[in-house]
Protein chains: 2
Amino acid sequence: MANSVDSIYGQVREMAANFEFKPEERINESALSKALGASRTPLREALNRLVAEGLLYAQDGKGFFCRSLSPEKILHLYELREAIETHAGRLAVARASDDELRELRDYLKSSQNEYVPGTPPHRLAEMDEGFHMRVVGLAHNPELVRALQNIYVQIRYVRLIAIRNKLDLTHTAHSGILEALMDRNADLVTQRLADHVRTSNEEATQTVRQAYSQLYVPS
Amino acid sequence: MANSVDSIYGQVREMAANFEFKPEERINESALSKALGASRTPLREALNRLVAEGLLYAQDGKGFFCRSLSPEKILHLYELREAIETHAGRLAVARASDDELRELRDYLKSSQNEYVPGTPPHRLAEMDEGFHMRVVGLAHNPELVRALQNIYVQIRYVRLIAIRNKLDLTHTAHSGILEALMDRNADLVTQRLADHVRTSNEEATQTVRQAYSQLYVPS
DNA sequence: GTGTTCCAAGCTGTATACAGCATGTGATGC
DNA sequence: GCATCACATGCTGTATACAGCTTGGAACAC
């Protein structure tokens with residue numbers, strides 16, 4: 001598994017997630033493969049995986065292109081996220097052991113002192129993602145985790161921008177979700193997750209809208 | 001888009017969905033590429049897409065293998081399906097136009113006379129899938145559709161076996177879902193979709209369990 | 001008969017070659 | 001100045017070559 005395709009796949013996936021390719025930009029296979037120290041063959045295999053994941057798209061005869069993020073697409077991804085996370089929350093209430101919930105509490109506690117101004121955004125996003133992935137992990141369902149990971153990769157870039165200045169709110173929301181989980185209150189877990197995801201969605205959508213407006217309104 | 005990779009991808013996807021490869025079977029690239037009239041290069045690109053979709057998996061140095069379906073995996077996929085379909089149902093209540101709902105009603109009506117003994121299972125599965133995809137389409141969210149399509153491909157084989165003799169029940173359930181949609185009753189839509197998916201899940205899980213037991217109990 | 005070793009056949013993973021098409025540039029006509 | 005067209009460059013899509021590894025089986029020892 002430490003072969004070339006997997007390695008390239010991971011690297012290009014990160015590049016695509018972070019929009020190191022511009023939206024709609026064509027990916028030059030020769031240049032990228034050279035930059036990654038491989039030939040076009042394994043690169044193209046990795047690119048095809050990323051097409052299947054929705055991070056890139058392919059046009060016959062033209063090559064591979066970076067996806068773009070419209071406000072609508074962000075909305076759609078967040079709706080899918082809400083569907084998965086709320087359902088996972090319900091399952092977690094039924095399936096998570098007390099030990100697992102205590103681990104989640106410890107994770108939240110240990111990250112509490114990092115939810116302060118000065119923490120770099122990528123770290124904030126990482127902690128946020130870490131919490132959510134752990135919650136969904138408590139549903140003991142790898143397919144839910146898998147689907148959610150795919151979404152997070154796609155929205156990571158926007159979250160990274162939108163997450164600034166939301167420190168307290170995020171941590172408070174997470175604490176509320178944990179509390180509802182420990183109370184084994186499925187309805188409350190669902191509601192709080194839904195509220196939290198919707199809030200994030202509004203921030204993210206607004207972020208993309210602003211980015212769009214900046215594109216079309218020259219300075 | 002009518003190039004070799006896309007064509008091969010579609011064909012191999014069907015083969016994998018229908019388990020024309022046996023679970024855990026290694027895929028012989030040379031043989032398959034010859035059978036499809038192409039070389040190994042585009043075949044491998046298609047196979048990598050299918051790995052990303054979860055229909056196959058890859059082991060470094062060993063090649064590509066067909067997935068297997070355990071009862072647990074079926075359960076997990078159906079839980080994901082329930083999460084997506086119920087959430088889509090709620091959105092559909094808010095977003096579907098009256099015209100769209102009438103189209104759904106007409107679709108259901110036109111397929112009614114095919115829900116009878118004698119209709120081939122693949123046709124039944126197709127109609128069932130058609131109804132569900134249309135419902136989710138009413139949410140006006142391509143990401144939900146996309147995620148669900150991925151699930152349907154993975155469970156199609158099991159549904160094909162489990163669907164026999166469930167004719168009336170399926171159609172009745174669909175009618176109930178349509179009715180709740182036309183009443184714009186989100187809670188009822190959610191509940192009926194959840195019930196319907198869970199029933200299917202139980203049938204599918206039982207099907208796989210039986211297949212498993214047949215594997216290990218020699219005749 | 002059973003377990004082990006070794007080998008050959010065959011397969012995978014990657015690089016490279018090449019035909020054909022897309023694209024941008026410069027020349028040309030108006 | 002502007003649009004158009006032709007062309008050359010460069011890129012994609014696919015086939016093929018080949019090194020290295022996996023694997024199944026034969027030979028062999030016990």
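Chain naming here is simple, since letters A, B, ... match the order of the sequence lines and numbering starts at 1 in each.
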| Value in whole Å for how far the P atom of dA15(D) lies from CG of Leu36(B) | 11 Å

| message | The criterion is side chain to side chain donor-acceptor pair (under 3.5 Å); which residues satisfy it with Arg90(A), sequence neighbours excluded? | response | Asp187(A), Thr190(A)

| field | Protein-nucleotide distance (Lys62(A), atom NZ; dG10(D), atom C1'), rounded to Å | value | 16 Å

| Whole-Å distance between dG13(D) P and Asp6(B) CG? | 9 Å

| said: Is the ring pair His196(B)/His174(B) parallel, tilted or perpendicular, if the boundaries are 30 and 60 degrees? | reply: perpendicular

| Phosphate contact (dG13(C) OP1 or OP2) by Arg44(B) side-chain N/O below 4.0 Å | yes

| Interatomic distance, Asp60(A) CG vs dT23(C) P [rounded to whole Å] | 12 Å

Distances under 3.5 Å between nitrogen or oxygen atoms of protein and nucleotides 5-9 of chain D:
none

| said: I need the Leu56(B) CG to Arg13(B) CZ distance, nearest 0.5 Å. | reply: 11.5 Å

| query | Roughly how far, to the nearest 0.5 Å, is CD1 of Ile155(A) from CD of Glu129(A)? | reply | 8.0 Å

| Given atom CD of Glu45(B) and atom P of dG13(C), what is their separation to the nearest angstrom? | 14 Å

Determine all donor-acceptor pairs shorter than 3.5 Å in which one atom belongs to a side chain in residues 101-109 of chain A; sequence neighbours excluded.
{"unit_1": "Arg102(A)", "atom_1": "NH2", "unit_2": "Asp99(A)", "atom_2": "OD1", "d": "2.7"}
{"unit_1": "Tyr107(A)", "atom_1": "OH", "unit_2": "Met127(A)", "atom_2": "O", "d": "3.1"}

| task | Can you run down the ring pair (Phe, Tyr, Trp, His ring centres under 6.0 Å) pairs that involve residues 8-45 of chain B, sequence neighbours left out, and say none if there aren't any? | result | Phe19(B)-Tyr157(B)

| Residue pairs involving residues 32-61 of chain B (criterion ring pair (Phe, Tyr, Trp, His ring centres under 6.0 Å); sequence neighbours excluded) | Tyr57(B)-Phe65(B)

| query | What is the distance, rounded to the nearest whole Å, between atom CG of Leu47(B) and atom P of dT14(C)? | reply | 14 Å

| Minimum-distance nucleotide (side-chain atoms of Pro42(B) versus dT14(C), dG13(C), dA15(D)) | dA15(D)

| message | Expressed as a whole number of angstroms, how long is the span from Leu43(B):CG to dT12(C):C1'? | response | 12 Å

| Under-4.0 Å side-chain N/O to phosphate OP1/OP2 contact, Arg40(B) with dA15(D) | no

| Toward the 5' end of DNA chain C, which comes first, Gly37(A) or Gly63(B), by nearest nucleotide? | Gly63(B)

| said: Could you tell me how far apart Gln59(B) (CD) and dC21(D) (P) are, to the nearest whole angstrom? | reply: 17 Å

| said: For DNA chain D, which residues of residues 19-33 of chain B approach it to below 4.0 angstrom with any heavy atom? | reply: Arg26(B)

| note | Interatomic distance, CZ@Arg40(A) vs CG@Leu43(A), rounded to 0.5 Å, equals 8.5 Å

| Salt-bridge contact Glu143(A)-Arg67(B) (side-chain N to carboxylate O under 4.0 Å) | no

| field | side-chain N/O Thr41(A) vs dT14(C) OP1/OP2, d < 4.0 Å | value | no

